[in-house]
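Everything quoted here is computed from the prediction, not taken from an experiment. Each chain gets a letter, A, B and so on, in the order its sequence line appears, and its residues count up from 1.
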Protein chains: 2
Amino acid sequence: MDSDPAPRRQRGRPPLPQKKIIDTAIQIIDRDGADALSFRSLANRLGSSTATLYRHVANKTELINLVFDQILGEAQLDRIELQRLPWDEACRRTTARVFHALSGHGRTAALLAEVVPTGPNAMAAREDLMNVLTAAGFEPLQAARIVATLGHYALGFAIQTPTIAGTDAAKVPGLSQPDPTDYPVTASVADHLPLPLAEEFAFGLDLLIDGLRKQCPRHDP
Amino acid sequence: MDSDPAPRRQRGRPPLPQKKIIDTAIQIIDRDGADALSFRSLANRLGSSTATLYRHVANKTELINLVFDQILGEAQLDRIELQRLPWDEACRRTTARVFHALSGHGRTAALLAEVVPTGPNAMAAREDLMNVLTAAGFEPLQAARIVATLGHYALGFAIQTPTIAGTDAAKVPGLSQPDPTDYPVTASVADHLPLPLAEEFAFGLDLLIDGLRKQCPRHDP
DNA sequence: ACCTGAACACCGTTCAAGT
DNA sequence: ACCTGAACACCGTTCAAGT
């Protein structure tokens with residue numbers, strides 16, 4: 001009867017699509033941290049081997065770029081919604097979403113210093129924001145500068161996100177208990193140090209956006 | 001005659017002071033890049049062994065912290081000169097010096113994401129800047145926030161400094177030759193991309209400082 | 001044609017064994 | 001008491017050998 005119960009061979013693409021590789025990579029990062037992501041751990045979780053992975057991903061740099069662009073995709077604001085916002089709010093929200101998306105996924109950002117994002121989601125995000133800015137009167141080159149600076153700002157802060165957000169204050173004795181003789185001013189606010197990175201990020205971002213408003217050609221002083 | 005020409009045994013400290021370890025580490029970084037710094041390469045260049053290094057440095061994190069603080073020391077402005085400057089110039093120059101010192105030493109910054117600087121030079125720099133800010137009328141906690149944000153700003157950008165500064169434009173084809181159909185605005189300025197990171201850094205820093213001026217209690221609108 | 005165990009040249013870190 | 005070769009448990013990456 002059941003002479004051929006075996007599933008028919010999938011003759012299409014190999015059963016290891018890039019999307020699944022990337023999703024699994026992000027799972028590993030979310031569960032065990034960015035440092036736990038290796039070709040071995042990834043192959044293991046996929047039930048494959050490292051050598052096979054190299055048939056689908058050129059090397060670790062490409063893997064990280066793919067992961068990064070996927071996370072950027074999650075962070076994306078809807079394009080139409082974006083264009084409805086005032087340009088300064090569009091910049092502020094986009095930058096904040098990128099930072100929080102990266103911070104949210106363990107220390108993914110730590111993997112991609114030195115990478116210039118060129119994945120489809122990165123390209124789209126840049127183009128969208130530049131559209132908003134040129135529509136607001138900025139020159140294209142100035143718009144590019146603004147977008148690049150905000151991107152480096154978000155990524156730079158995300159890279160510095162500590163692994164375990166809650167327990168860091170206790171782990172930095174030199175900063176939490178500075179010698180009041182040597183460092184009186186620091187000591188006077190030591191109870192509050194280190195300040196939450198997300199708070200510093202927002203503080204600096206508001207300063208940046210505020211400064212940009214004055215540079216807008218249609219700025220009314 | 002020369003019955004005892006051998007140099008007298010140095011009975012003092014072992015001939016491997018921490019300063020020499022740090023200096024050699026920085027030499028390796030400057031010559032071969034931050035990725036070339038390992039306990040093996042360091043031991044090799046010192047004519048020692050990895051196990052011996054561990055008797056002088058607890059682990060790689062501590063090594064990086066020591067290297068970082070040394071570089072920070074090179075970047076330090078003279079304290080007296082600092083106090084003579086207007087507070088906004090003091091902030092701007094200090095931040096810029098930290099960024100350029102880190103960028104100048106290969107990709108040292110890449111090694112120290114997630115590190116909260118607590119070395120003596122880091123502590124001194126924080127204290128000095130906070131003094132300048134409180135003297136200018138800022139509340140101590142606000143001063144701490146400003147210093148922390150500027151520190152993360154400098155470090156975040158330094159981390160993203162590309163390895164070989166000059167040759168990167170050619171290496172990012174996705175950005176230098178974006179599809180004009182998909183990304184028309186990006187394409188219109190593609191000749192200028194990617195913008196030099198140092199330029200973006202200065203652009204953003206000016207925005208930050210400018211924004212801070214409005215927050216100064218003694219600000220005249 | 002596709003897959004993979006095993007290898008290569010590296011890491012950070014530790015420890016038994018040397019002097 | 002101080003030093004160190006060798007080891008351990010990892011990396012990214014490649015390749016000969018399997019089916």
CD on E74(A) to CG on D69(A), rounded to 0.5 Å: 11.0 Å
Please check: side-chain N/O of Y153(B) versus main-chain N/O of F201(B), any donor-acceptor pairing under 3.5 Å? yes
Under 4.0 Å: is that the gap between some side-chain N or O of S48(A) and OP1 or OP2 of dT4(C)? yes
H56(B) NE2 to dT4(D) C1': how many Å, rounded? 14 Å
Could you tell me whether the side chain of E127(A) and the main chain of D182(B) form a donor-acceptor pair under 3.5 Å? no
Between residues 36-43 of chain B and DNA chain C, which residues have a heavy-atom gap below 4.0 Å? L37(B), S38(B), F39(B), R40(B)
The reported gap from CG in N44(B) to CG in L53(B) (rounded to nearest 0.5 angstrom) is 10.5 Å
What is the distance from CZ of R55(B) to P of dC3(D), rounded to the nearest Å? 6 Å
How long is the line joining CG of L46(B) and P of dT4(D), in whole Å? 11 Å
Which residue pairs pass the salt bridge (Lys or Arg N to Asp or Glu O under 4.0 Å) test when at least one of the two sits in residues 194-207 of chain A, sequence neighbours left out? E199(A)-R145(B)
Atom CG of N44(A) to atom P of dT4(C): distance rounded to whole Å? 12 Å
Short side-chain N/O contact to dT4(D) OP1/OP2 from T52(B), under 4.0 Å: yes
May I have the distance from D35(B) (atom CG) to dG12(C) (atom P), rounded to whole angstrom? 11 Å
What stems, by residue range, does DNA chain D take part in, given at least 3 consecutive Watson-Crick or G-U pairs under 3.5 Å? C:4-8 with D:12-16, C:12-16 with D:4-8
Show the numbers, then the answer: is there a side chain to side chain contact (heavy atoms under 4.5 Å, CB included) between Q70(A) and N121(A)? CA-CA 7 Å; Q70(A) 167 116 344; N121(A) 286 319; 5.7 Å; no
Backbone N or O of V185(B) within a donor-acceptor pair of the S188(B) side chain at under 3.5 Å? yes
Rounded to the nearest 0.5 Å, what's the gap from OG on S38(A) to CG on D32(A)? Could you check? 10.5 Å
Please report, rounded to the nearest Å, how far the C1' atom of dC2(C) is from the CG atom of L53(A). 14 Å
Counting heavy atoms not belonging to R79(B), are there more than 12 under 6.0 Å from its CZ? no
When the nearest nucleotide of DNA chain D is assigned to Y54(A) and to T50(B) on a heavy-atom basis, which residue is associated with the more 5' position? T50(B)
When the distance from NZ of K60(A) to C1' of dC11(C) is rounded to whole Å, what number comes out? 12 Å
In whole Å, I'd like the distance from the CD1 atom of I28(B) to the P atom of dC11(C). 10 Å
